[in-house]
Amino acid sequence: MATHKLLILPGDGIDPEVMGEVEKVVAFFGRQGVASFETERGLVGGAAFDAHGEAISEADMGLAQAADAVLFGAVGGPKWADVPYSKRPEAGLLRLRKELG
């Protein structure tokens, strides 16, 4: 059985909690022999801005480009309303869409 590489980008707000549940579903599929997954986590949106000063880091873009699929949570919130436009949480989503086609 082939192993699929998943990148989990939880996003902001309640989505890190939601993605925690998604990881449980992915693990269940693996235990049941439905599919085999290798997962990694990264940061996007406001969480990435807080950690790296960017909406998505170069390292996490590299992980996204190497993954078979990216599981993406919602980004943004009032905390980042005054962040410069090019670094706003939504810029991470736009970059992922552009670079991953």
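A quick note: this is a predicted structure, and the numbers were derived from the prediction, not measured.
The shortest heavy-atom contact between S86 and A91 is O-CB, 3.5 Å. A55 and A48 make their closest contact through O-CB, 3.3 Å (heavy atoms, listed as atom of the first residue, atom of the second, distance).
Residues V25 and V22 are not in side-chain contact: their nearest non-hydrogen atoms beyond the backbone lie 4.5 Å or more apart. No side-chain heavy atom of E38 sits less than 4.5 Å from a side-chain heavy atom of H4. In this structure, D50 and W80 have side chains that are in contact, with non-hydrogen atoms separated by less than 4.5 Å.
In the hydrophobic clustering of ILVMFWY residues, with side-chain heavy atoms under 4.5 Å counting as a link, L6 and L63 come out apart. Hydrophobic clustering (side-chain heavy atoms under 4.5 Å, transitive across Ile, Leu, Val, Met, Phe, Trp, Tyr) keeps V83 apart from Y85. No continuous path of ILVMFWY side-chain contacts below 4.5 Å connects I14 to M19, so the two sit in separate hydrophobic clusters.
Atom-to-atom distance recorded for E58:CD and R95:CZ is 4.0 Å, nearest 0.5 angstrom. For the atom pair CG of L7 and CG of D68, the computed distance is 11.0 Å after rounding to the nearest 0.5 Å.
Under the side-chain contact (heavy atoms from CB on, under 4.5 Å) test applied with L9, the options L43, V44, D15 reduce to a single match, V44.
By the 6.0 Å contact criterion, CG on L94 is enclosed, its count of non-hydrogen atoms from other residues, nucleotides or ligands being greater than 12.
Put simply, the side chain of R88 gets close to the backbone of A81: a donor and an acceptor are under 3.5 Å apart.
The existence of a salt bridge linking K79 and D12 is excluded, since no basic side-chain nitrogen approaches an acidic carboxylate oxygen closer than 4.0 Å.
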Donor-acceptor contacts under 3.5 Å from residues 69-78 side chains, at least two apart:
none

